[in-house]
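Position 1 is the first residue of the sequence; numbering continues from there.
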Amino acid sequence: MARPTKIGVVLAAVVAASSCGAAPDPGSTQGPGAISVRNCGVDLRFDRAPERAVTLEQSSTETLLALGLGEKMVGTAFPTAEIHPDYRAAYDRIPVLNPNELTAEQLRAAAPDVAVTSFGSNFAKDKVGTREELHELGLPTFVSAVDCPQHEPGQTPFERLFRDYENLGTIFGVPERAAALTAQQRQIINNAEAAVPANPHDKPSVMYLYSMTQGLPYVAGHNGIPSDISRILGVGNAFDDVRDEWPEVAWEEIAKRDPDVIVVGDLSDRGRLGDSAADKIRVLHEHPVVSQLTAVRENRFIEVPGIEMDPTVRSAHTLELVTEGMKSLGLLR
């Protein structure tokens, strides 16, 4: 892991932020001397491609690295899992400004010309500052479109993720890399869509278990990456009727919904009790009610990296894991 550093350079980019309530316009343009994209209801305008990007967490870090932008990065923060081997060498050259959440002081000391995150909640007064505050300081902010579906109406989570690639490719002047990455992941989706339920009269249901905090589970609700994985595979997401992306639910509600398969996120790199897939599966087997479910008794578990259940360049990999897992359980063919 690279050592933290501070670099003092004057900000070079200019941003014009529009109201979040403005009519959505997902288009982007790149004209002489200016680059413009619309991101999560905000118009971003640059006088040139950024040279000093800072990412606020690992998911956005790996997305930029997948686009070959490591040399344009002057800082990152909050690694939550082992860095993917494909990006390790490039990652090791980037200063880690904070192993946890970045502070406003650390962000500004790095003098970035754009700040990128997968989660809009990272831009808050008690963290690095709101988008509005940072824009007033001349620092453009980019948030994954997956995290703001209201500004991409009718678009699925994976389509919004591809919108990120497109917009980042425009901003950094590498549209061909963005197009190639999108094409590669669209092929994975096409392959997954070819799978069909083994029993055409029975649509399997899947529950996605992300984490357990104070004994209660967080599962995938509507309109996140796991929900989209279920849609692509033609199976049901057990909690798709819950509008929150990651709602906290009662164990009894899980038993009531009786999913056919449980996808378990492995967050063991966080080092907390109950974060590993093995810990979660053990809890499911020990719970007096949930342990009676057929999925638990028959060990119908599919383990996936927890980080890939959030919007990330790796999410297509978890789509592959769930596809193959469902086939191995005899529920898809």
Side-chain angles (χ1 to χ4, degrees), residues 81 156-158 185-212 217-242 245-247 249-268 274-312 314-333:
T156 67
F158 270 106
Q185 297 197 347
R186 282 195 188 281
Q187 186 58 54
I188 293 173
I189 290 175
N190 292 340
N191 293 343
E193 287 177 334
V196 295
N199 181 351
H201 304 293
D202 185 18
K203 182 178 180 179
S205 67
V206 182
M207 184 189 80
Y208 299 83
L209 177 60
Y210 183 75
S211 65
M212 295 181 294
Y218 283 83
V219 302
H222 180 69
N223 215 19
I225 290 294
S227 173
D228 210 20
I229 289 174
S230 286
R231 178 194 63 81
I232 290 166
L233 293 176
V235 303
N237 172 19
F239 286 90
D240 208 48
D241 59 313
V242 181
E245 189 174 340
W246 290 107
V249 301
W251 291 109
E252 290 73 17
E253 187 62 27
I254 292 174
K256 178 181 176 181
R257 301 196 180 209
D258 193 15
D260 295 299
V261 179
I262 301 174
V263 175
V264 183
D266 184 17
L267 297 167
S268 54
D275 272 346
S276 72
D279 284 347
K280 295 183 180 80
I281 291 171
R282 175 182 53 78
V283 170
L284 291 169
H285 276 295
E286 292 176 353
H287 193 275
V289 176
V290 178
S291 61
Q292 302 307 307
L293 298 181
T294 301
V296 177
R297 288 189 289 105
E298 297 186 359
N299 286 306
R300 294 183 189 166
F301 301 115
I302 301 172
E303 296 182 27
V304 303
I307 190 174
E308 297 181 5
M309 299 168 84
D310 284 323
T312 166
R314 293 206 222 174
S315 296
H317 175 245
T318 273
L319 169 59
E320 291 180 305
L321 292 177
V322 176
T323 304
E324 293 307 312
M326 295 283 285
K327 288 180 177 179
S328 67
L329 290 170
L331 296 172
L332 292 179
R333 57 179 175 83

Checklist outcome for this item: Nearest heavy-atom contact between A192 and T323 is CB-OG1, 3.6 Å
Checklist entry - Is a side-chain N or O of T312 found less than 3.5 angstrom from the main chain of E308, in a donor-acceptor match? => result no
Next on the checklist: With rounding to the nearest 0.5 angstrom, report the CD to CZ distance, Q185 to R314.
Outcome noted: 12.0 Å
Next on the checklist: Do M207 and L209 have side chains that approach each other closer than 4.5 Å (heavy atoms only, starting at C-beta)?
Outcome noted: yes
Checklist entry - Under a 4.5 Å cut-off applied to non-hydrogen side-chain atoms, are F301 and V261 in contact? => result no
Item to check | Over all atoms of both residues, closest heavy-atom pair of I281 and E303 | outcome: CD1-OE2, 3.6 Å
Checklist entry - Just how far is it from atom CD1 of I262 to atom CG of L293, taken to the nearest 0.5 Å? => result 6.5 Å
Checklist entry - Just by distance, do the side chain of D275 and the backbone of S268 share a donor-acceptor pair under 3.5 Å? => result no
Next on the checklist: Between R282 and E286, is there a side-chain heavy-atom distance shorter than 4.5 Å?
Outcome noted: yes
Item to check | Residues forming a side-chain hydrogen bond (donor to acceptor under 3.5 Å, both in side chains) with N299, sequence neighbours excluded | outcome: H285
Next on the checklist: Using side-chain heavy atoms (C-beta onward) and a distance below 4.5 Å, is Y210 in contact with V264?
Outcome noted: no
Checklist entry - Where do F239 and E253 land on the side-chain contact (heavy atoms from CB on, under 4.5 Å) test, with the steps shown first? => result CA-CA 10 Å; F239 286 90; E253 187 62 27; 3.7 Å; yes
Next on the checklist: Tell me every residue that passes salt bridge (charged side-chain N to carboxylate O under 4.0 Å, His left out) with D240, counting only those two or more places apart in sequence or in another chain.
Outcome noted: none
Item to check | Any residue meeting side-chain hydrogen bond (donor to acceptor under 3.5 Å, both in side chains) with D241, in chain and number order, not counting sequence neighbours | outcome: R257
Checklist entry - Can you name the salt bridge (charged side-chain N to carboxylate O under 4.0 Å, His left out) partners of E252, sequence neighbours left out? => result none
Checklist entry - What distance separates S315 OG from I229 CD1, expressed to the nearest 0.5 Å? => result 7.0 Å
Checklist entry - Roughly how far, to the nearest 0.5 Å, is the CG atom of L284 from the CZ atom of R297? => result 13.5 Å
Checklist entry - Residues two or more places apart in sequence or in another chain: which of them pass salt bridge (charged side-chain N to carboxylate O under 4.0 Å, His left out) with E298? => result R300
Checklist entry - For the residue pair P247 and A220, what are the closest heavy atoms and their distance? => result CD-C, 4.2 Å
Checklist entry - Among all residues two or more places apart in sequence or in another chain, which pass the salt bridge (charged side-chain N to carboxylate O under 4.0 Å, His left out) test with D310? => result none
Checklist entry - Do P197 and P204 come close enough that some side-chain heavy atom pair is under 4.5 Å? => result yes
Item to check | Residue pair V289, W251: steps toward the side-chain contact (heavy atoms from CB on, under 4.5 Å) verdict | outcome: CA-CA 8 Å; V289 176; W251 291 109; 5.9 Å; no
Checklist outcome for this item: Between the CD atom in E193 and the CG atom in L233, the distance rounded to the nearest 0.5 Å is 9.0 Å
Checklist entry - Side chains of M309 and W246: closer than 4.5 Å at any heavy-atom pair? => result yes
Item to check | Distance-minimising heavy-atom pair for L321 and P305 | outcome: CD1-CD, 3.7 Å
Checklist entry - What is the distance from atom CD1 of I225 to atom CZ of F158, rounded to the nearest 0.5 Å? => result 4.5 Å
Checklist entry - Under the side-chain contact (heavy atoms from CB on, under 4.5 Å) criterion, do S205 and N237 qualify, and how do the steps go? => result CA-CA 6 Å; S205 67; N237 172 19; over 6 Å; no
Checklist entry - Between K280 and G265, what is the shortest heavy-atom contact and its length? => result NZ-O, 2.8 Å
Next on the checklist: If only side-chain N and O atoms count, and only distance matters, is there a donor-acceptor pair under 3.5 Å linking Y208 with S230?
Outcome noted: yes
Next on the checklist: Evaluate V196 against L332 for side-chain contact (heavy atoms from CB on, under 4.5 Å), listing each step before the verdict.
Outcome noted: CA-CA 5 Å; V196 295; L332 292 179; 6.0 Å; no
Checklist entry - Considering all heavy atoms of both residues, which atom of M326 and which atom of I302 are nearest to each other, and what is their separation? => result N-CD1, 3.7 Å
Next on the checklist: A side-chain contact here means heavy atoms from C-beta on lying under 4.5 Å apart; do D266 and V304 qualify?
Outcome noted: no
Item to check | Minimum side-chain heavy-atom gap V249-P217 below 4.5 Å | outcome: yes
